[in-house]
Protein chains: 2
Amino acid sequence: MAFPPFAVTVDLVVFTIRDDQLCVLTIERGEAPFAGCQALPGGFVLPDEDLAAAAARELAEETGVGKDAEIERVHLEQLGTYGDPTRDPRMRTVSVAYLAFAAQLSEPVAGTDATAAQWMPVATALTTSLAFDHGQILVDGLERARAKLEYTTLAATFCRDEFTIADLRHVYELVWDVTIDPRNFHRKVLASEGFVEPTGEHTSQARGRPAQLFTLGEATQLHPPIRR
Amino acid sequence: MAFPPFAVTVDLVVFTIRDDQLCVLTIERGEAPFAGCQALPGGFVLPDEDLAAAAARELAEETGVGKDAEIERVHLEQLGTYGDPTRDPRMRTVSVAYLAFAAQLSEPVAGTDATAAQWMPVATALTTSLAFDHGQILVDGLERARAKLEYTTLAATFCRDEFTIADLRHVYELVWDVTIDPRNFHRKVLASEGFVEPTGEHTSQARGRPAQLFTLGEATQLHPPIRR
DNA sequence: GTGACAATCGTCAACTTGACGATAAAGCCA
DNA sequence: TGGCTTTATCGTCAAGTTGACGATTGTCAC
């Protein structure tokens, strides 16, 4: 049975928070097309590899997120598939985009096929011309991320294992690009059954009154949601 | 440049409401593998065809949803991509699933490559063993459909061009499999800015007080949403 | 100690929601 | 014609939620 052959790739929109900014992982392409251009990390799916496995592999390659416990603190979900016949001048390619949320990872970043990889502020990335249709993929990923914060507990994946309500609020503020009343936010988070679990410990360093530390609770969905 | 060749297909989860039931379009496969088995309609993406175009083409082929105004009353969105290496015993296949909502269409249904096509009640389909991973695709499609009714105006795409609030409520009840208080639902729909637009006309046939007719308003998102 | 700062607790009016009573406008039927 | 049934539509009310913002509480820098 004959069928039209396609190349299938995965591309990653990996978000993290660094230096008080929402950042996305980008690489500088080493080869044509778009050599020297910024792009989302990604690569071909191997002949016997599941799509999600390919995404996880690429993520590990580009970020150094290894086997460790690190990988468990990363959220990875399918974002969408992009298959415009003209998206890659070389051949007919279909790209399955994945969206990842990560807490600040070990600094190292070095791709295999990429010249360099870096965390680029999303605000910058949105005004940068990215390779292929990666600009659109980024926009879609950002919108998905914003929506997910409303009704899931995924904001916590941007934080370290133990975090304060303020840390969590900061995630919302950066991703949504809004300011949130600390008092109302505090109330809502605690009201959301299973969102956070107090550890009993408190922060000690920074200015102001020490804050209680929490870990992520059992819930994955927020009831009620936290609206934009 | 060498790359692993994949077959790329689109599969469709097409929902409609018939005989007071939520139904999904299925075909009986004519060829191996899974010959004689129920499956979702779908097919290969052509070499120079966009994914969404392939989905629209397959939809037209299977349902007879032609060029007419009909096609404009159908909602089609990408659902997700399924690429387990073992999903198709013949070859490495990646399937991009699309989700469609349609009002009751012209009865005719006749695929090109399929033996037969029919509207199967979703309740039945969920307990039927479908070909490939189509069972999972259906489950995912149903969940997406249910979620979409909450915060979009897509329920109206299950209705004819002009519909009553009760028609709309019926869609929610069938898709969510719940009963909804007519009075509160009525209030919420009218409160949702831009959801429906009165035509000024009324129904005349059925029992009970004639109901006002509406068309879909400008909005695509519901503010506030209608919760499950 | 004093002030700055951020966490946390309270208060309140405006709004939303679910439950359900009441009324309206048709057809049906004797 | 006058009930009776049926469904649409309007109202009411208590309970819960939300946003705005005042008040209090630990800590640190000085």
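Below, chain A is the first sequence line, B the second, and so on; all start at residue 1.
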>> Quick test of your reading: applying salt bridge (Lys or Arg N to Asp or Glu O under 4.0 Å), list the pairs with at least one residue in residues 209-228 of chain B, sequence neighbours left out, ordered by first then second residue.
In response: B:E143-B:R228, B:E150-B:R228

Between [N] atom [atom2] and [X] atom [atom1], what is the distance in whole Å?
{"X": "A:F185", "N": "D:dT17", "atom1": "CZ", "atom2": "C1'", "result": "17 Å"}
{"X": "A:R228", "N": "D:dT18", "atom1": "CZ", "atom2": "P", "result": "16 Å"}
{"X": "A:R227", "N": "C:dT16", "atom1": "CZ", "atom2": "P", "result": "11 Å"}
{"X": "B:D181", "N": "C:dG21", "atom1": "CG", "atom2": "C1'", "result": "11 Å"}

> Can you give one letter per nucleotide of nucleotides 1-15 of chain C, going 5' to 3': B for a protein heavy atom under 4.0 Å from the base, S for sugar-phosphate only, - for none?
Replying inline: ----BBBBBB-----

>> Tell me every residue that passes ring pair (Phe, Tyr, Trp, His ring centres under 6.0 Å) with A:F214, counting only those two or more places apart in sequence or in another chain.
In response: none

Within the 4.5 Å heavy-atom criterion, are [X] and [Y] side-chain neighbours or not?
{"X": "B:C159", "Y": "B:V171", "answer": "yes"}
{"X": "A:T157", "Y": "A:R73", "answer": "no"}
{"X": "A:L130", "Y": "A:T128", "answer": "yes"}

> Judged by atom type as modelled, is there a donor-acceptor pair below 3.5 Å linking the side chain of A:W119 to the main-chain atoms of A:T16?
Replying inline: no

